[in-house]
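Here the structure is laid out as structure tokens; the discussion comes afterwards.
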Amino acid sequence: MINFFRVDHRLLHGQVAQAWYGATGANCILIANDEVAGDQLRKNVMKLAKPAGAKLVIQSIAKSANSINSGVTDKYQVFVVVASIHDAYRLLQKLTVNIKELNLGGTSPSAEAESLSAAVGVTPQDRKDLRKLQEKGMEIFIQQVPSEAKKVVNFRKE
């Protein structure tokens with residue numbers, strides 16, 4: 001079962017490993033990222049950052065979708081982390097399970113991105129992707145840490 005779905009360009013770091021992992025009730029973190037899945041050094045670094053007792057799975061976007069859709073992840077409370085809004089869109093398009101919320105926690109800085117918060121900027125392509133997700137009924141919100149209030153964002157009115 002997917003407990004939480006987050007976009008965070010840093011993937012696994014202190015906020016994710018400590019604040020969010022505990023707040024979501026997860027027992028497994030799934031890093032869905034094509035680059036990290038193929039980079040043993042980065043995988044090893046992320047293994048060092050995982051919370052004690054947590055299962056950590058690092059897979060490509062396609063393999064993550066296959067794992068979730070096959071039901072192999074059903075025995076876990078899964079916290080999914082992707083590096084970008086486009087990666088979130090790509091993964092969500094492949095899933096057969098219904099994900100109701102998407103947390104925007106941090107995006108990579110970009111000259112073409114419009115700032116929505118101190119840590120989140122969206123490009124024109126990001127806006128299109130988020131609008132499509134919202135049209136399917138997904139709630140999209142910005143929230144750096146669990147103790148902050150959610151800031152729901154709406155891309156449907158554009």
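Linking Ile, Leu, Val, Met, Phe, Trp and Tyr whenever their side-chain heavy atoms come within less than 4.5 Å puts V81 and F141 in one cluster. Both V97 and Y76 are members of a single hydrophobic cluster when ILVMFWY side chains are connected at heavy-atom separations under 4.5 Å. Each of F5 and L11 belongs to its own hydrophobic cluster when Ile, Leu, Val, Met, Phe, Trp and Tyr are linked at side-chain heavy-atom distances under 4.5 angstrom. Hydrophobic clustering of Ile, Leu, Val, Met, Phe, Trp and Tyr side chains at less than 4.5 Å, counting indirect connections, keeps I2 apart from L56.
Residue pairs meeting the side-chain hydrogen bond (donor to acceptor under 3.5 Å, both in side chains) criterion with at least one member in residues 44-57, sequence neighbours excluded, are Q40-N44. Contacts classified as salt bridge (Lys or Arg N to Asp or Glu O under 4.0 Å) and involving residues 80-91 (residues at least two apart or in different chains) are given here: D34-R90, D87-R90.
Taking the side chain as every heavy atom from C-beta outward, Y89 and D126 never approach each other to under 4.5 Å. When side chains are defined from C-beta on, L104 counts as touching L130, because their heavy atoms get closer than 4.5 Å. You'll find the side chain of W20 reaches within 4.5 Å of the side chain of R6, heavy atoms only. Under the 4.5 Å side-chain criterion, counting only non-hydrogen atoms from C-beta, V152 is in contact with E139. Using a 4.5 Å heavy-atom threshold, the side chains of V57 and C28 count as touching.
The heavy-atom pair separating S117 from I142 by the smallest distance is OG-CG2, 3.7 Å.
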(request) Walk me through it: do N33 and S60 pass the test side-chain contact (heavy atoms from CB on, under 4.5 Å)? (result) CA-CA 5 Å; N33 184 272; S60 68; over 6 Å; no

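The existence of a salt bridge linking R42 and E35 is excluded, since no basic side-chain nitrogen approaches an acidic carboxylate oxygen closer than 4.0 Å.
Inspection of the N3 and T24 side chains reveals no N or O donor paired with an N or O acceptor under 3.5 Å. Under the 3.5 Å distance criterion, with hydrogens and angles disregarded, a donor-acceptor pair is assigned to the side chains of K136 and Q93.
Residue K150 qualifies as enclosed at atom NZ: its count of foreign heavy atoms under 6.0 Å is above 12. Annotation for K43: atom NZ counts as buried by contact number, over 12 foreign heavy atoms lying within 6.0 Å.
Rounded to the nearest 0.5 angstrom, L116 CG and F155 CZ are separated by 5.0 Å.
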